[in-house]
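The shown structure was predicted, so the numbers you read here are calculated from the model rather than taken from an experiment.
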Amino acid sequence: MPWREVNFDGLVGPTHHYGGLAPGNLASARHGGQVSNPRQAALQGLAKMRWMLDRGLPQGVLPPQLRPNLGALRQLGFQGPPQRLLAQAWQQEPTLFSAACSASAMWVANAATVIPSCDHPQQRCVLIPANLISHLHRQLEVAATYDLLRHVFASRDHFQVARPLPGVAALGDEGAANHMRIPVPGAGALHVFVYGRDGDDVTGPRRYPARQTRHACEALARAGNLDPKRVLYWQQLPDAIDAGVFHNDVIALSHTGVLLCHERAFVDQPQCLQQLQARAGGKLRIVQVPEQAISLQRAVDSYLFNSQLLGPVDHPMLVLPLEAERDAQVRQYVEVELRRALRLREVVYMDLRQSMSNGGGPACLRLRITLHESELNALQGRLLLNDERHRQLVQLVERRYPESLTLEQLSHWPTAREMMDIVAEIYGVLDLPTRLLERFQ
Ligand code: SUG
């Protein structure tokens, strides 16, 4: 098989904390201010990567970004040597300080939109970093993500790393979390782009922000040179956004030949699904979870849809968060209905509670990139995991990551510097140049 789907998971950074920074993301709001455990957070993510390796699935890793982001604090007007800069920012603007310390780059499903070379007329894999303009702490990821992707996917023969879309509200883009690439067995792939807002449209959500726009989706499809006949644009149901569906991957997921979604995910859903099936020549398995079986609210609270469908198309595996198992109604639905409807060979519930408390489930933590064998060989850095590299990362985390962290601790320069050193060590393990860290200084 020359093309393979590789899951690149974001390694949780040592400054992982609960900033309460993301309105509309209910878990983030609920846990804001709690004490975090960065070590456990990173180990939980690494355990998911280990599970993938044990099943022979290719698994990559993307490093955390350097935090606290001193460069961003300077840009925000704080001055002086690091100890003064950090102390002032913490005392005067704790929310800005939290944003500059956020480990949110771990949710790499928001890092970029990816169009693999098998879908591209010139056989180029296109990566478009998301502009993440909806929140400061997320927007601060963008420049470094761009630099990282430019380094890792440097080969011009294989890859094109585009610039993020211009950072204006009309072009809000949150990456792969709002894009479903659905390969149709024997007939190429279809691309569904999901948006929450279309221009000045007044039919959008009332309580919470819509993060992705239709204009952004259209620009992404153009940038990826996609054949318009293979692209669909769907609007998120405003009620779903208001119920906490801040990204499409909180309410729908796809795999080769499969779409699984809640009944109340999209505007004009019956027509959307009909059109999709027609474009696929009737070859898709589309499973809708009815409101009566699992309410929208239950779906958001359990993160049922923020799962990963993996492996063989006939009998895939499903990776869900532990929260889905803990809800008896959801578990029952998975074990009976989904096992049958998706012909699942294995169901596993992963403890990712440290990330989940910030609204980041299994699917948020990974960016899917379908790569040709020759592209895999062209990657720079040691980002593809094997037993040895996985072990190195686990040991590093166990040796250096803090077990408990409050934001205030990061306002002390020695602690902040220690966190920055840890990230530099991770770059060493992954064979990434430290020049990629310079823009934070
Ligand atoms: O953007 N949480 C992230 C979670 C991203 C989940 N990603 C996907 N669904 N693909 C967000 O809302 C919370 C950070 C804090 O509150 O400290 C946060 O940014």
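- When all heavy atoms of I128 and R163 are compared, the closest pair comes out as CG2-O, 3.9 Å.
- Between L86 and H412 the shortest side-chain heavy-atom distance does not fall below 4.5 Å.
- Between D9 and Q59, the side chains place a donor N or O and an acceptor N or O closer than 3.5 Å (distance only, hydrogens not considered).
- Note that CD1 of I115 and CG of L127 are 9.0 Å apart. Values are rounded to the nearest 0.5 Å.
- R326 has no carboxylate O lying under 4.0 Å from a charged side-chain N of E323, or vice versa, which leaves the two without a salt bridge.
- Side-chain contact between H17 and R67: absent, with no pair of heavy atoms (C-beta onward) separated by less than 4.5 Å.
- By the 4.5 Å heavy-atom criterion applied to side chains, M49 and H390 are counted as neighbours.
- The backbone N or O of I294 sits less than 3.5 Å from a side-chain atom of H262, completing a donor-acceptor pair.
- Heavy-atom minimum distance, G175 versus D173: N-OD1, 2.9 Å.
- Atom CZ of R156 sits in a sparse spot, with 12 or fewer heavy atoms from other residues, nucleotides or ligands closer than 6.0 Å.
- Using a distance-only test at 3.5 Å, with no hydrogens or angles considered, a donor-acceptor pair links the side chain of E375 to the main chain of H372.
- Counting only N and O atoms by type, the side chains of E174 and S134 include a donor and acceptor under 3.5 Å apart.
- Atom CD of Q75 sits in a sparse spot, with 12 or fewer heavy atoms from other residues, nucleotides or ligands closer than 6.0 Å.
- Under the 3.5 Å distance criterion, with hydrogens and angles disregarded, a donor-acceptor pair is assigned to the side chains of T145 and Q65.
- Under the 3.5 Å distance criterion, the side-chain polar atoms of R138 are matched with a main-chain donor or acceptor of S104.
- Classification of E291 and R264 as a salt-bridged pair holds, one side-chain N sitting under 4.0 Å from a carboxylate O.
- Using a 4.0 Å cut-off between charged side-chain N and carboxylate O, R50 and D387 make a salt bridge.
- A donor-acceptor pair under 3.5 Å is absent between the side-chain atoms of H179 and the main chain of F193, judged by distance alone.
- Side chain of D351 to backbone of R353: a donor-acceptor contact under 3.5 angstrom is found.
- L149 CG to Q160 CD: the interatomic distance, rounded to the nearest 0.5 Å, is 12.5 Å.
- Distance check: M106 CE to L365 CG gives 7.0 Å after rounding to the nearest 0.5 Å.
- Contact annotation: the side chain of F246 never approaches that of I241 to less than 4.5 Å [non-hydrogen atoms, C-beta and beyond].
- Within 6.0 Å of CZ on R55 lie more than 12 heavy atoms contributed by other residues, nucleotides or ligands.
- Nearest heavy atoms, P23 versus Y208: C-CD2, 4.4 Å.
- The side-chain heavy atoms of L148 and L432, taken from C-beta on, include a pair separated by under 4.5 Å.
- Looking at heavy atoms from C-beta onward, P433 lies in side-chain contact with H151 at the 4.5 angstrom threshold.
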Problem - Worked verdict on Q269 versus Q288 for side-chain hydrogen bond (donor to acceptor under 3.5 Å, both in side chains) - result: CA-CA 10 Å; Q269 188 153 326; Q288 285 188 84; 2.9 Å; yes
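- Proximity of E418 to I422: side-chain heavy atoms (C-beta onward) are separated by under 4.5 Å at one or more points.
- The CG atom of L342 sits 7.0 Å away from the CG atom of L318 when rounded to the nearest 0.5 Å.
- Interatomic distance, OG of S102 versus CZ of F97, reported as 12.0 Å (0.5 Å rounding).
- Here the shortest heavy-atom pairing between D147 and L436 reads O-CD2, 3.7 Å.
- Side-chain atoms of D119 and H191 include a donor-acceptor pair closer than 3.5 Å.
- C364 contributes atom SG, which lies 7.5 Å from atom NE2 of H247 (distance to the nearest 0.5 angstrom).
- Residues V289 and E263 form no side-chain contact, since every pair of their non-hydrogen atoms from C-beta on lies 4.5 Å or further apart.
- Side chain of Q277 to main chain of L284: a donor-acceptor pair is present (N/O by atom type, distance under 3.5 Å, no hydrogens or angles).
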Exercise for the section: I would like to know whether R366 and D249 meet salt bridge (Lys or Arg N to Asp or Glu O under 4.0 Å); could you show each step before the answer? Expected result: CA-CA 11 Å; R366 66 95 165 88; D249 67 4; 5.7 Å; no
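- Nearest approach of I182 to G257, heavy atoms of both residues: CG2-N, 4.3 Å.
- At a threshold of 4.0 Å, the pair R435-E438 does not count as salt-bridged, since none of the basic side-chain nitrogens sits closer than that to a carboxylate oxygen.
- Side-chain N/O atoms of S117 and H120 include no donor and acceptor closer than 3.5 Å.
- A salt bridge links E218 with R214: the distance from a Lys NZ or Arg NE/NH1/NH2 to an Asp or Glu carboxylate oxygen falls below 4.0 Å.
- E425 has a carboxylate O that lies under 4.0 Å from a charged side-chain N of R400, or vice versa, which qualifies the two as a salt bridge.
- Here the side chain of T256 pairs no donor or acceptor atom with the backbone of V313 at under 3.5 angstrom.
- Counting all heavy atoms, side chain and backbone alike, F8 lies closest to L383 at CE2-CB, 4.3 Å.
- Inspection of the T406 and Q409 side chains reveals an N or O donor paired with an N or O acceptor under 3.5 Å.
- For the residue pair Q44/S355, the side-chain donor-acceptor check at 3.5 Å is not satisfied.
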Exercise for the section: Go through the steps to decide whether Q308 and K48 satisfy the test side-chain hydrogen bond (donor to acceptor under 3.5 Å, both in side chains), and finish with yes or no. Expected result: CA-CA 11 Å; Q308 292 177 252; K48 172 156 91 82; 2.6 Å; yes
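- Under a 3.5 Å cut-off, the side chain of D431 and the backbone N or O of Y427 do not form any donor-acceptor pair.
- Side-chain contact of S36 with Q354: a donor-acceptor pair under 3.5 Å is absent, judged by distance alone.
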Handout entry: Worked verdict on V330 versus Y333 for side chain to side chain contact (heavy atoms under 4.5 Å, CB included)
Key = CA-CA 5 Å; V330 173; Y333 191 84; 5.6 Å; no
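- For the pair D327 (side chain) and R298 (backbone), a donor-acceptor distance under 3.5 Å is absent.
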Practice task
Could you walk me through whether H16 and Y18 pass the ring pair (Phe, Tyr, Trp, His ring centres under 6.0 Å) test, one step at a time?
Solution key: CA-CA 7 Å; H16 159 66; Y18 300 116; 5.0 Å; yes
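- Side-chain atoms of E403 and N37 form no donor-acceptor pair, as typed in the model, at a separation below 3.5 Å.
- In this structure, the side chain of Y401 engages the main chain of V12 through a donor-acceptor pair within 3.5 Å.
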